[in-house]
Engineer: 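Pasting in a structure now, in structure tokens, and then I'll have a few things to ask.
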Amino acid sequence: MKKVFKLYEELFALHGKQGWWPIQGVYDGRLPNKKEQLEICIGAILTQNTSWVNVEKALAQLSGKIHEKALRMPQEKLAVLIKPAGYFNQKAKKIHCFLDFLASKKEVDRENLLAVWGIGPETVDSMLLYAYQQPYFVVDAYTKRILEHYKIIKAHASYEEVQNLFHKELPRDVELFKEYHALFVAHAKKYYSKKPYGIGDPLLGDFKK
DNA sequence: TTCCAGGCAATAC
DNA sequence: GTATTGCATGGA
């Protein structure tokens, strides 16, 4: 059952190409340069349980300072700048832990990133997929919400369980994974942001039975 | 006013 | 192993 590939095609037909990751300024889908890689990683931390508009405010206040050295300002100072993204004390600490990791020159892989304080599975996979072009499917709250609603996964399925579904049923393709996750977010923002979920979702007839 | 947003770590059961 | 709680701003 290739349900998840069919779902991708329908989401794409509905919402079109998303072109993620949404970095500041213009991003046309080319591979991110070094500075853009860092911005993606910082954004991935800032957006933890936080709306992207608030992350954009924080990133705007960081503009000109998205460099490993500049971000090493005192944690309290960094916290003030990223305040609009919420959880600013924790996130300032997380950013500094991530910078420590980069400075350590350890290999940037899933295991090493997961060992960094403040970086969990979704944040790692976002970084690896969008900044480092590694094919890990990103599972977020929206992804689970939609798949649960379609009865494709059980309620309370674990991160690994859901990720495995995509890794098994899809070709391990970076561009496909990038678009697919972005499409989940677009779809969820439109139909799964307020309860009751799924009102007006044109795909419901195909996936919920 | 309440609810929630592209989670995570610490703690409790 | 799974459930709960603290972390925090800003917009609907």
Side-chain angles (χ1 to χ4, degrees), chain A residues 7-8 11 15 17-24 27 32 36 39-62 75-101 110-132 136-149 153-164 166 177-200:
Chain A
L7 176 55
Y8 169 77
L11 287 173
H15 302 287
K17 186 171 168 99
Q18 303 296 303
W20 269 31
W21 184 276
I23 63 175
Q24 303 298 92
Y27 183 54
E36 290 162 343
E39 183 183 318
I40 290 167
C41 292
I42 301 301
I45 291 172
L46 291 178
T47 198
Q48 290 174 359
N49 203 39
T50 298
S51 65
W52 186 254
V53 287
N54 282 4
V55 174
E56 285 182 321
K57 294 176 202 302
L59 286 174
Q61 302 199 108
L62 284 180
Q75 208 179 94
E76 312 79 62
K77 214 175 150 187
L78 180 58
V80 172
L81 289 177
I82 64 173
K83 205 163 185 176
Y87 310 130
F88 47 83
N89 288 313
Q90 283 200 346
K91 285 175 179 175
K93 183 176 170 188
K94 290 176 181 184
I95 288 170
H96 277 180
C97 288
F98 177 66
L99 293 175
D100 289 342
F101 167 77
R110 199 168 192 275
E111 189 186 350
N112 286 339
L113 277 171
L114 275 175
V116 178
W117 187 87
I119 299 184
E122 186 191 336
T123 307
V124 179
D125 291 332
S126 297
M127 290 178 174
L128 290 175
L129 181 64
Y130 290 102
Y132 295 96
Y136 290 95
F137 201 90
V138 176
V139 177
D140 66 347
Y142 286 152
T143 306
K144 283 191 186 175
R145 188 179 299 170
I146 291 172
L147 293 176
E148 275 180 29
H149 206 77
I153 61 169
K154 64 182 184 192
H156 312 296
S158 72
Y159 189 97
E160 296 284 321
E161 261 178 297
V162 180
Q163 188 179 54
N164 282 340
F166 292 91
F177 284 10
K178 283 182 179 174
E179 274 307 302
Y180 203 159
H181 171 63
L183 284 166
F184 268 125
V185 175
H187 196 62
K189 281 182 172 168
K190 196 160 180 183
Y191 301 111
Y192 292 82
S193 283
K194 58 182 175 194
K195 295 177 180 176
Y197 298 138
I199 299 299

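A note on names: the letters A, B, ... follow the listed sequences, proteins ahead of strands, and every chain is numbered from 1.
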Engineer: Please encode protein proximity along nucleotides 7-12 of chain B as a string of B, S and -, counting only heavy-atom distances under 4.0 Å.
Structural biologist: BSSS--

Engineer: Got a sec, which residues hit ring pair (Phe, Tyr, Trp, His ring centres under 6.0 Å) with Tyr191(A), two or more places apart in sequence or on another chain?
Structural biologist: His187(A)

Engineer: Check whether any side-chain N or O of Glu179(A) sits under 3.5 Å from a backbone N or O of Gln18(A) as a donor-acceptor pair, and report yes or no.
Structural biologist: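 Yes, the answer is positive, given that a donor and an acceptor are paired below the 3.5 Å cut-off.
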
Engineer: Have a look at Lys57(A) and say if it touches a base, only the backbone sugar-phosphate, or nothing, with a 4.0 Å heavy-atom cut-off.
Structural biologist: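 Sugar-phosphate contact only - Lys57(A) comes under 4.0 Å of backbone atoms but never of a base.
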
Engineer: List for me each residue that meets salt bridge (charged side-chain N to carboxylate O under 4.0 Å, His left out) alongside Lys154(A), sequence neighbours excluded, and say none if there are none.
Structural biologist: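 For Lys154(A) the salt bridge (charged side-chain N to carboxylate O under 4.0 Å, His left out) partners, ignoring immediate neighbours, are Glu161(A).
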
Engineer: With nearest nucleotide decided by heavy atoms, which residue, His156(A) or Lys83(A), maps closer to the 5′ end of DNA chain C?
Structural biologist: His156(A)

Engineer: Under 4.0 angstrom, heavy atoms only, what part of the nucleic acid is Lys195(A) near: base, sugar-phosphate, or nothing?
Structural biologist: sugar-phosphate

Engineer: Give me the first and last nucleotide of DNA chain C, going 5' to 3', that has any atom under 4.0 Å from a heavy atom of chain A.
Structural biologist: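 Here the contact window of chain A covers dG6(C) to dG11(C).
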
Engineer: Go through the steps to decide whether Phe177(A) and Phe166(A) satisfy the test ring-ring contact (aromatic ring centres under 6.0 Å, His included), and finish with yes or no.
Structural biologist: CA-CA 9 Å; Phe177(A) 284 10; Phe166(A) 292 91; 7.8 Å; no

Engineer: I'd like the P distance from dA10(B) over to dA8(C), given in whole Å.
Structural biologist: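 Per the computed distance, 14 Å lies between those P atoms.
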
Engineer: Tell me which donor-acceptor pairs under 3.5 Å the side chains of residues 41-50 of chain A have, and how far apart each pair is, sequence neighbours excluded?
Structural biologist:
{"from": "Thr47(A)", "atom 1": "OG1", "to": "Thr50(A)", "atom 2": "O", "distance (Å)": "3.1"}
{"from": "Gln48(A)", "atom 1": "OE1", "to": "Lys94(A)", "atom 2": "NZ", "distance (Å)": "2.6"}
{"from": "Gln48(A)", "atom 1": "NE2", "to": "Gly118(A)", "atom 2": "O", "distance (Å)": "3.0"}
{"from": "Gln48(A)", "atom 1": "NE2", "to": "Thr123(A)", "atom 2": "OG1", "distance (Å)": "2.9"}
{"from": "Asn49(A)", "atom 1": "ND2", "to": "Tyr87(A)", "atom 2": "OH", "distance (Å)": "2.9"}
{"from": "Thr50(A)", "atom 1": "OG1", "to": "Gln48(A)", "atom 2": "O", "distance (Å)": "2.9"}
{"from": "Thr50(A)", "atom 1": "OG1", "to": "Ala85(A)", "atom 2": "O", "distance (Å)": "3.2"}
{"from": "Thr50(A)", "atom 1": "OG1", "to": "Lys91(A)", "atom 2": "NZ", "distance (Å)": "2.8"}

Engineer: Going by the salt bridge (Lys or Arg N to Asp or Glu O under 4.0 Å) test, which pairs reach into residues 114-126 of chain A, not counting sequence neighbours?
Structural biologist: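 Pairs touching residues 114-126 of chain A that pass the test: Arg110(A)-Asp125(A).
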
Engineer: Answer yes or no for Lys93(A) and Trp117(A): cation-pi contact, defined as NZ/CZ to six-membered ring centre under 6.0 Å and angle to ring axis within 45°.
Structural biologist: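 Yes - Lys93(A) lies over the ring of Trp117(A), closer than 6.0 Å to its centre and within 45° of its axis.
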
Engineer: For the side-chain contact (heavy atoms from CB on, under 4.5 Å) test, which of Tyr136(A), Trp21(A), Trp20(A) pairs with His181(A)?
Structural biologist: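 Of the listed options, the one satisfying the test is Trp20(A).
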
Engineer: For dC4(B), does either OP1 or OP2 sit under 4.0 Å from a side-chain N or O belonging to Arg145(A)?
Structural biologist: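 Indeed not, no polar side-chain atom of Arg145(A) lies that close.
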
